[in-house]
Amino acid sequence: MSLTSHDDTRMHILVPTINEEDGKYLAMKLDKDFSLTILEGTLDEVDKDTLARTNILLPFIQPHIKRAQLETMPRLKLIATRSTGYDHIDRAAAAERGILIANVPGYGETAVAEHTFALLLTLSRKMQTTYDRIKEGNYSVEGLQGFDLYGKTLGVIGTGAIGLHVIRIARGFGMEVIANDIVQNKFAAEVLGFRYTSRAEVLSNADIVTLHAPALPSTYHLINRDSLSGMKKGAILINTARGSLVDTEALAWALEAGILRGAGLDALEGEELLQHFETSASNSDQDKLYQATLALQKRQNVFITPHVAFNTTEALRRILDTTVENVYAFAQGRPTNLVKLPELVTV
Ligand code: NAD
């Protein structure tokens, strides 16, 4: 699908990497006031003239928006990303060019929190093995014993919108919850019945640790050999936040060493390279990461999903609606949901 409407008197919006249905929805919402180029392909597939007259870019989390791409769009004034995370955008380069960045906060807390439990229950009830066996007509229960979530301690790193919804669900299962955040929400802790403590205590006391902090230099490889060594033996790690929070090689080591019982991952380090990875074209760091990811992929106690935690009908509609609101707010001179300019990890 590629939808283009040309009208040089109106602001031009470029929407790459979008499926046909969502593209049509955005077109229906925006095309009376803006000229549009909407395509399923990436920015690399857009011609020079279209890039040159683009004022507003509505990207998704992949591929990454790098400095060189921003240079092809001299009239770009707003990047309204169709996501909560914005670590896929070179914010330093955008700031230098006076380009604002808006995101979609809070669209997916229910979807991502529910997916967190999809990963956890898959591991706690050995669903992968069960699924494989039943497809082969094998109804043996041998080795399928799981464990209750009731009464277990969940450790939550990051108690923002998603982390708090995870806690709400966990309390429904009858789990105890301990949490760590650089900003404590004492009201939520009281209402939902959980306790804040240090990161070290969360890691050493939790039966399951789930990550809900953003990708920042301060959270880069928050889970590494040291922190994994301090985790409760036989714990489970769930990451639906960002791949950069977990050192993949250290995770593969901890699983092999039996420190962890399992891992559920919706976000992987370097995930943008995984779909088309070519060993020969990579540098040695990328290759090491790829090999470590392959080692995880092969393990029966690791369940990986391809960054789909947000991917529900309801959440996607909320993303598109907020993106449209971000575009109109900017066009009317009162931009909303602007991303501040704190520290940033370039991945
Ligand atoms: P949020 O901003 O509401 O919450 C993030 C929380 O992390 C905040 O409370 C913040 O104080 C805390 N935090 C920051 N640095 C920390 C640190 N060093 N240690 C502990 N806590 C720290 O964000 P959210 O909407 O809850 O989303 C959380 C993350 O989930 C996002 O940043 C994004 O990377 C990820 N996400 C993933 C998907 C997916 O599909 N897998 C979808 C949406 C969001």
Side-chain angles (χ1 to χ4, degrees), residues 60-62 64 81-89 91 101-120 155-170 177-189 192 194-203 206 209-224 227 237-246 263-269 271-272 274 303-316 318-320 322-323 337-340 342-345 347:
F60 188 54
I61 50 169
Q62 283 175 22
H64 286 196
T81 184
R82 296 162 11 232
S83 59
T84 301
Y86 39 80
D87 45 295
H88 55 291
I89 302 165
R91 280 198 292 157
I101 302 174
N103 73 340
V104 181
Y107 74 91
E109 63 258 38
T110 50
V112 179
E114 288 175 19
H115 195 80
T116 300
F117 279 85
L119 294 174
L120 176 52
V156 178
I157 309 272
T159 55
I162 296 170
L164 286 182
H165 199 69
V166 163
I167 295 172
R168 238 169 249 129
I169 298 174
V177 179
I178 51 177
N180 173 258
D181 197 308
I182 48 167
V183 183
Q184 298 196 352
N185 185 339
K186 295 204 166 112
F187 178 71
L192 296 176
F194 69 93
R195 180 170 66 83
Y196 279 105
T197 184
S198 66
R199 185 192 295 170
E201 205 202 315
V202 167
L203 296 179
V209 170
T210 183
L211 306 178
H212 303 289
L216 298 168
S218 52
T219 58
Y220 180 73
H221 284 187
L222 180 151
I223 300 296
N224 53 39
S227 48
L237 176 73
I238 306 288
N239 184 12
T240 57
R242 283 290 183 268
S244 65
L245 271 60
V246 177
L265 309 168
D266 187 54
L268 288 168
E269 257 192 299
E271 63 191 21
E272 68 285 356
L274 286 172
F303 192 69
I304 298 176
T305 51
H307 206 132
V308 290
F310 68 94
N311 196 358
T312 66
T313 309
E314 295 79 2
L316 289 177
R318 285 194 290 273
I319 292 179
L320 297 181
T322 305
T323 301
N337 294 325
L338 290 184
V339 165
K340 293 193 204 89
E343 38 175 1
L344 169 78
V345 167
V347 249

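Hydrogens, waters and symmetry mates are skipped; everything else that's a heavy atom, side chains included, is used. For ligands, and for the atoms within them, numbers begin at 1 and follow the listed sequence.
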Review point. Got an N/O contact under 3.5 Å between D266 and ligand 1?
Key: yes
Review point. Looking only at N/O atoms, are F310 and ligand 1 under 3.5 Å apart anywhere?
Key: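 Yes; the residue has a nitrogen or oxygen that sits under 3.5 Å from a nitrogen or oxygen of the ligand.
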Exercise for review: May I ask you to identify, for T159, whether its side chain, its backbone, both or neither come under 4.0 Å of ligand 1 on a heavy-atom basis?
Suggested key: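 It is the backbone that touches ligand 1; the side chain stays farther off.
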Review point. Where does E109 meet ligand 1, judged by heavy-atom distances below 4.0 Å: at the side chain, the backbone, both, or neither?
Key: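 None of E109 does.
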Practice item. Kindly indicate whether atom 34 (O) of ligand 1 is approached by any protein heavy atom to under 4.0 angstrom. Key: yes
Under the 3.5 angstrom rule, does the side chain of [X] hit a backbone N or O of [Y] as a donor-acceptor pair?
X: S198; Y: E201; value: yes
X: D181; Y: Q184; value: no
X: N337; Y: A102; value: no
X: T84; Y: V104; value: yes
X: T305; Y: V308; value: no
X: D87; Y: A215; value: no

Exercise for review: Please check if any side-chain donor atom of S83 sits under 3.5 Å from a side-chain acceptor atom of Y107, or the reverse.
Suggested key: no
Top protein contact for [atom], by heavy-atom distance:
atom: atom 37 (C) of ligand 1; answer: T240 O, 3.1 Å
atom: atom 23 (O) of ligand 1; answer: A161 N, 4.6 Å
atom: atom 16 (C) of ligand 1; answer: I182 CG1, 3.8 Å
atom: atom 43 (C) of ligand 1; answer: Y107 OH, 3.7 Å
atom: atom 44 (C) of ligand 1; answer: I162 CD1, 3.6 Å
atom: atom 19 (N) of ligand 1; answer: N180 OD1, 4.0 Å
atom: atom 8 (C) of ligand 1; answer: D181 OD2, 3.5 Å
atom: atom 39 (C) of ligand 1; answer: H307 NE2, 3.4 Å

Per-atom contacts of ligand 1 with [X], taking only distances under 4.0 Å to non-hydrogen atoms:
X: A241; result: 30 (O), 34 (O), 35 (C), 37 (C)
X: G158; result: 7 (O), 21 (N)
X: V112; result: 38 (C), 42 (C), 43 (C)
X: A309; result: 39 (C), 40 (O), 41 (N)
X: H212; result: 5 (C), 6 (C), 7 (O), 28 (C)
X: P214; result: 5 (C), 7 (O), 13 (N), 14 (C), 32 (O)

How long is the straight-line distance from [atom2] of [Y] back to [atom1] of [X], given to the nearest 0.5 Å?
X: N180; Y: I157; atom1: CG; atom2: CD1; value: 5.0 Å
X: I223; Y: R199; atom1: CD1; atom2: CZ; value: 7.5 Å
X: I101; Y: K340; atom1: CD1; atom2: NZ; value: 13.5 Å

Check your understanding: Under 30°, 30 to 60°, or over 60°: which ring-plane class applies to F310 and F60, parallel, tilted or perpendicular?
Key -> tilted
Check your understanding: Going by heavy atoms, is G85 under 4.0 Å from ligand 1?
Key ->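 G85 does not count as a contact of ligand 1 under the 4.0 Å cut-off.
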Review point. Are the charged groups of E109 and R318 less than 4.0 angstrom apart, N to O?
Key: no
